[in-house]
Visitor: 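My questions will all concern the structure given below.
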There are 2 protein chains.
Amino acid sequence: MSADKPLPAHKGQSGESVRQHNLSTVLRLVHLQGTILRSKITATTGLNRSTVSDLVAELSELGILVEKETAAPTGVGRPSLAVSAADNIVAFSVNPEIDATTVAAVALSGRVVSKERRLMRSHPTAQDSIAVSAEMIDSMRKQLEPGTRIVGVGVSVPGQVRSSDGVIRFAPQLGWVEQAFAASLSQSTGLPVYLANDASLGCVAESRFGAAKDINDAVFLFAGSGGIGGGVISNGRNITGAAGYAGELGHIRISSSKQLDYSGFSGTLEALVRRNDLLDIFRLYVATDEELDAEIRSTESTKARKLLEQQVSSLADGISTLVNIFNPEVVVLGGFLTSLFDFAPDQLIAEMKQGALAAASERVVIRKGALGSNLLVLGAAELPFEALLEAPSSFRLTDA
Amino acid sequence: MSADKPLPAHKGQSGESVRQHNLSTVLRLVHLQGTILRSKITATTGLNRSTVSDLVAELSELGILVEKETAAPTGVGRPSLAVSAADNIVAFSVNPEIDATTVAAVALSGRVVSKERRLMRSHPTAQDSIAVSAEMIDSMRKQLEPGTRIVGVGVSVPGQVRSSDGVIRFAPQLGWVEQAFAASLSQSTGLPVYLANDASLGCVAESRFGAAKDINDAVFLFAGSGGIGGGVISNGRNITGAAGYAGELGHIRISSSKQLDYSGFSGTLEALVRRNDLLDIFRLYVATDEELDAEIRSTESTKARKLLEQQVSSLADGISTLVNIFNPEVVVLGGFLTSLFDFAPDQLIAEMKQGALAAASERVVIRKGALGSNLLVLGAAELPFEALLEAPSSFRLTDA
DNA sequence: ATCTATTTGTTGTTTTAAACAACAAGTATC
DNA sequence: GATACTTGTTGTTTAAAACAACAAATAGAT
């Protein structure tokens with residue numbers, strides 16, 4: 001009945017855990033803000049000058065942070081030192097898609113060190129994908145600067161991932177079911193591997209570095225050829241749910257329509273806002289988001305415009321529901337949803353407000369994603385980085 | 001661009017804040033678990049025996065906790081002391097409804113010290129309600145045991161409340177708009193007053209003391225005569241949103257039906273699962289939840305059973321959407337939704353699973369609320385208690 | 001060019017609170 | 001009644017943040 005397991009919520013704090021927390025706080029600040037003055041760290045953390053000095057020294061010792069003298073002094077008084085995240089600590093990010101696999105190396109400083117997209121035959125098995133990923137990581141690893149250290153691998157998966165053990169439960173586009181992706185890729189590379197849903201990672205990336213930076217409550221909707229994915233930041237934290245499947249915002253039911261989405265549910269947001277329907281009406285077979293966007297911007301076809309208006313309406317319905325549920329400050333759109341937004345921003349906003357409570361919707365801002373093609377690259381890299389940020393002094397880095 | 005305000009997320013921890021945190025942790029543990037052995041506190045917090053001894057001593061000194069020798073020893077070894085929350089520290093909870101106002105005094109120990117429900121003429125103004133509440137609190141205050149100290153007042157509001165200043169933005173049933181309830185009631189009583197949405201507070205109560213105790217991810221749906229309200233616990237925390245309006249789960253759109261809910265939105269969960277529709281079909285004008293439940297259990301009418309099945313379907317649709325969004329462990333139902341559940345549990349569960357992702361729904365349990373008529377009494381009291389739990393050593397208690 | 005005010009880094013000391021260690025107290029089992 | 005076991009108590013140690021004093025580096029004033 002009562003909790004025999006020591007819930008983390010009821011954990012006390014000892015002296016050492018305070019040190020861990022403070023190291024973590026400083027490192028996270030630098031990772032998120034980029035290069036930052038030490039005096040600024042002192043101000044934002046509220047810690048004493050000498051304490052910050054000591055913390056930064058320890059992190060520098062570990063090779064995680066770097067201190068440099070500021071090139072141009074900023075004002076009166078002794079110039080403060082600039083603190084940056086190490087440029088030679090990298091995470092690999094992997095994004096398997098239906099027709100290609102993207103692998104990148106991202107430095108803790110945020111720099112994308114290298115990035116490669118390899119086309120694959122359609123419908124690769126998970127084993128194929130793991131083999132290709134491992135090989136790409138291996139070759140990329142050899143080209144890293146000497147002395148570079150590796151945090152691990154983050155994989156963005158277009159499907160549902162069990163967070164506890166990194167098993168892909170179901171990836172509809174790829175046709176994968178119950179694949180122990182993390183364990184297998186970890187075996188092949190000798191590196192720790194972390195998995196999460198792609199849209200959730202996009203959400204994390206936009207909230208840390210993009211359109212929702214410094215926002216505590218945000219909702220994300222990303223649409224691609226595989227449907228609509230989503231993510232939520234509430235009170236500054238990504239909502240994951242009990243097992244990691246939360247945030248499937250494409251599958252919220254908003255209508256009685258019998259139209260099906262890619263997972264076979266009817267009347268959902270994903271069923272009514274379909275990229276393929278737009279491609280069809282423009283008589284396109286495949287198209288990049290840019291090409292589709294150009295068509296949407298320029299079309300004069302009444303039929304096309306009507307479909308677009310319907311999709312905008314459905315999107316507004318979906319956003320209304322999410323606003324009522326989450327009361328976010330910002331709603332961030334990605335993929336071709338940005339084109340829908342641009343097509344009829346006033347309609348979208350008006351219909352969204354009409355379907356949502358005034359109090360919850362009055363301050364909501366709808367915004368386009370800011371990270372473009374680096375969205376998932378940065379998002380996936382945050383998974384291993386998060387592990388490092390959580391325990392900077394005890395995390396085991398791997399030599400390149 | 002970058003954060004000039006020191007975000008709490010980037011706050012460091014000093015020695016003193018550790019003490020605060022640990023005092024808070026111990027006190028919260030006792031408040032949530034009820035009477036608990038000191039050895040158990042040591043085990044769950046992970047703190048040293050002597051540290052726990054010291055922390056409990058400080059809280060006892062403050063009169064917040066009480067240590068007693070255990071009546072019946074539990075096993076081998078020196079018997080541990082039983083730690084309880086003080087029974088003479090109380091919070092008032094207030095619940096204004098359309099036809100009555102309920103005021104109660106709740107002890108930190110969880111005991112409901114007193115409770116009174118006063119009938120009022122229909123459609124009271126906010127001023128009426130504040131005056132009546134203040135008067136009820138005053139008279140109840142006089143009857144408290146000597147030496148009792150007061151934490152504050154928590155108000156559960158059937159409407160949207162801005163959390164920053166306790167202004168009621170809109171309470172559709174009561175017809176209130178923009179009422180500075182907290183400020184006004186605080187003026188009248190001389191006590192700190194906290195406000196929140198009623199369903200959110202019910203959610204907090206069930207998650208701390210009721211059907212979702214020790215559950216980190218739970219969704220709550222409560223239905224009454226005023227519609228359907230909701231609340232969410234994600235990662236152990238109640239979701240409030242940017243301004244406090246999150247959790248309006250009754251207003252999620254699940255259908256294209258033109259049926260309107262109490263806030264004028266069409267096709268929402270609240271529009272399709274209406275208590276009044278059930279009352280109508282049973283030819284009841286007013287009825288308690290118990291009376292309605294009896295009708296639902298015993299009805300043989302085909303028309304009634306069809307309506308009930310429709311409502312169960314709609315409820316299942318709503319829960320599916322919420323399961324896809326939140327991946328909860330438990331969904332808790334309250335009000336007449338429990339009767340719907342009892343009417344057709346298999347249908348509800350089957351249809352819910354049909355509309356939700358397998359991964360997210362496979363482990364979900366649908367459960368009835370456990371707190372009955374004390375739901376809002378306990379929930380509202382948690383608001384002032386929370387302030388005390390947050391800062392036990394510096395919180396200013398008021399003498400009765 | 002020099003002086004002053006200002007800000008920040010550095011170093012050595014103090015303080016706080018948790019951990020630790022040793023012992024006493026109380027219970028159950030043999 | 002002896003022994004093992006668990007918990008409370010007390011005094012000591014330790015870790016880390018705060019503090020204080022001073023040095024360093026800048027901008028602006030004289």
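None of the values given here were measured: they were computed from a predicted structure. Proteins get letters first, then strands, A, B, ... in listed order; numbering begins at 1 in each.
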Visitor: Who pairs with A/R208 by salt bridge (charged side-chain N to carboxylate O under 4.0 Å, His left out), at least two apart in sequence or on another chain?
Guide: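 Checked A/R208 against salt bridge (charged side-chain N to carboxylate O under 4.0 Å, His left out); matches are A/E382, A/E386.
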Visitor: Between B/R49 and A/L55, which residue's closest nucleotide on DNA chain D lies nearer the 5′ terminus?
Guide: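 Result of the comparison: B/R49.
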Visitor: Out of C/dG9, D/dT9, D/dC19, which nucleotide sits closest to the side chain of B/S53?
Guide: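 From the listed options, D/dT9 comes nearest.
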Visitor: How long is the line joining CG of A/N48 and P of C/dT7, in whole Å?
Guide: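 Spelled out: CG on A/N48 to P on C/dT7 is 17 Å.
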Visitor: From CD of B/E58 over to P of C/dA17, roughly how many Å is that when rounded to an integer?
Guide: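 The answer, rounded to whole Å, is 8 Å.
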Visitor: Enumerate the residues from residues 77-85 of chain A whose closest heavy atom to DNA chain C is under 4.0 Å, giving them by residue number; use none for an empty result.
Guide: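 Output list: A/G77, A/R78, A/S80, A/L81.
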Visitor: Can you pull out every salt bridge (charged side-chain N to carboxylate O under 4.0 Å, His left out) where at least one residue sits in residues 67-76 of chain A? Sequence neighbours excluded, please.
Guide: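 Output for this query lists A/R38-A/E67.
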Visitor: Write out all pairs satisfying ring-ring contact (aromatic ring centres under 6.0 Å, His included) with one or both partners inside residues 379-400 of chain A, taking only residues at least two apart or from two chains.
Guide: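 Found A/H31-A/F385.
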Visitor: Check whether any side-chain nitrogen or oxygen of A/N22 sits under 4.0 Å from OP1 or OP2 of D/dA16, and answer yes or no.
Guide: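 Answer is no, no contact under 4.0 Å.
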Visitor: Shortest non-hydrogen contact from B/V232 to B/N238?
Guide: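 Smallest heavy-atom distance, with atoms named: O-ND2, 3.0 Å.
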Visitor: Could you state the atom-to-atom distance from CG of A/L37 to P of D/dT26 in whole Å?
Guide: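 One finds 13 Å between P of D/dT26 and CG of A/L37, rounded.
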Visitor: Starting at the 5' end of DNA chain D, which residue's closest nucleotide do you reach first, A/G46 or A/V76?
Guide: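 Nearer the 5' end of the strand: A/G46.
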Visitor: What pairs of donor and acceptor atoms, side-chain ones from residues 81-92 of chain A against any protein atom, are under 3.5 angstrom apart with sequence neighbours left out?
Guide:
residue : atom : partner : partner atom : Å
A/S84   : OG   : A/T35   : OG1          : 3.0
A/D87   : OD1  : A/S109  : OG           : 2.4
A/D87   : OD1  : A/R111  : NE           : 3.3
A/D87   : OD2  : A/R111  : NE           : 2.8
A/D87   : OD2  : A/R111  : NH2          : 3.1

Visitor: Can a side chain N or O of A/S39 be found less than 4.0 Å away from OP1 or OP2 on C/dT8?
Guide: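 Checking C/dT8 against A/S39, a side-chain N or O does come within under 4.0 Å of OP1 or OP2.
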Visitor: Not counting sequence neighbours, list each pair that qualifies as a side chain to side chain donor-acceptor pair (under 3.5 Å) and has a residue in residues 390-399 of chain A.
Guide: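 For residues 390-399 of chain A, and leaving out neighbouring residues, the side chain to side chain donor-acceptor pair (under 3.5 Å) pairs sorted by first residue read A/Q20-A/S393.
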Visitor: Count the heavy atoms belonging to other residues, nucleotides or ligands that lie under 6.0 Å from CZ of A/R149, then report whether that count exceeds 12.
Guide: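 Yes, enclosed.
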Visitor: Considering just the side-chain nitrogens and oxygens of A/T51, establish if one lies under 4.0 Å of OP1 or OP2 belonging to D/dA18.
Guide: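 The answer is yes; a side-chain N or O of A/T51 sits under 4.0 Å from OP1 or OP2.
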Visitor: Over its full length, what angle do the end axes of the helix from C/dA1-D/dT30 to C/dC30-D/dG1 make, each axis taken from five pairs and the result rounded to 10 degrees?
Guide: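 Computed from the C1' atoms at both ends, the axes differ by 0°.
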Visitor: Any base atoms under 4.0 Å from B/T42, or only sugar-phosphate, or nothing? Heavy atoms, all strands.
Guide: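 The residue B/T42 makes no contact with any strand.
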Visitor: Using atom CD of A/E67 as one end and atom C1' of C/dT8 as the other, report the distance to the nearest whole Å.
Guide: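 Between C1' of C/dT8 and CD of A/E67: 12 Å.
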Visitor: Grab the CD-P distance between A/E69 and D/dA24 for me, whole Å please.
Guide: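 Those two atoms, CD and P, are 14 Å apart.
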Visitor: Applying salt bridge (charged side-chain N to carboxylate O under 4.0 Å, His left out), can you list everything that pairs with A/R162, at least two apart in sequence or on another chain?
Guide: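 Per chain and number, A/R162 pairs via salt bridge (charged side-chain N to carboxylate O under 4.0 Å, His left out) with A/D165.
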Visitor: Considering all heavy atoms of both residues, which atom of A/S234 and which atom of A/I239 are nearest to each other, and what is their separation?
Guide: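 Closest heavy-atom pair between A/S234 and A/I239: CB-CD1, 3.8 Å.
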Visitor: What pairs meet the salt bridge (charged side-chain N to carboxylate O under 4.0 Å, His left out) rule with one or both residues in residues 41-59 of chain B, with sequence neighbours excluded?
Guide: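 Sorted result for residues 41-59 of chain B: B/R19-B/D54, B/R19-B/E58.
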Visitor: In whole angstrom, give the distance that lies between atom CG of B/D54 and atom C1' of C/dT16.
Guide: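 The answer, rounded to whole Å, is 11 Å.
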Visitor: Nearest of D/dA16, C/dA19, D/dA18 to any side-chain atom of B/L47?
Guide: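 Between D/dA16, C/dA19, D/dA18, the one nearest the side chain of B/L47 would be C/dA19.
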Visitor: Quick check on C/dG9: is either OP1 or OP2 less than 4.0 Å from any side-chain nitrogen or oxygen of A/R38?
Guide: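 Yes, A/R38 has a side-chain N/O under 4.0 Å of OP1/OP2 on C/dG9.
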Visitor: Rounded to whole angstroms, how far apart are CG on B/L23 and P on C/dA18?
Guide: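 From B/L23 CG to C/dA18 P: 8 Å.
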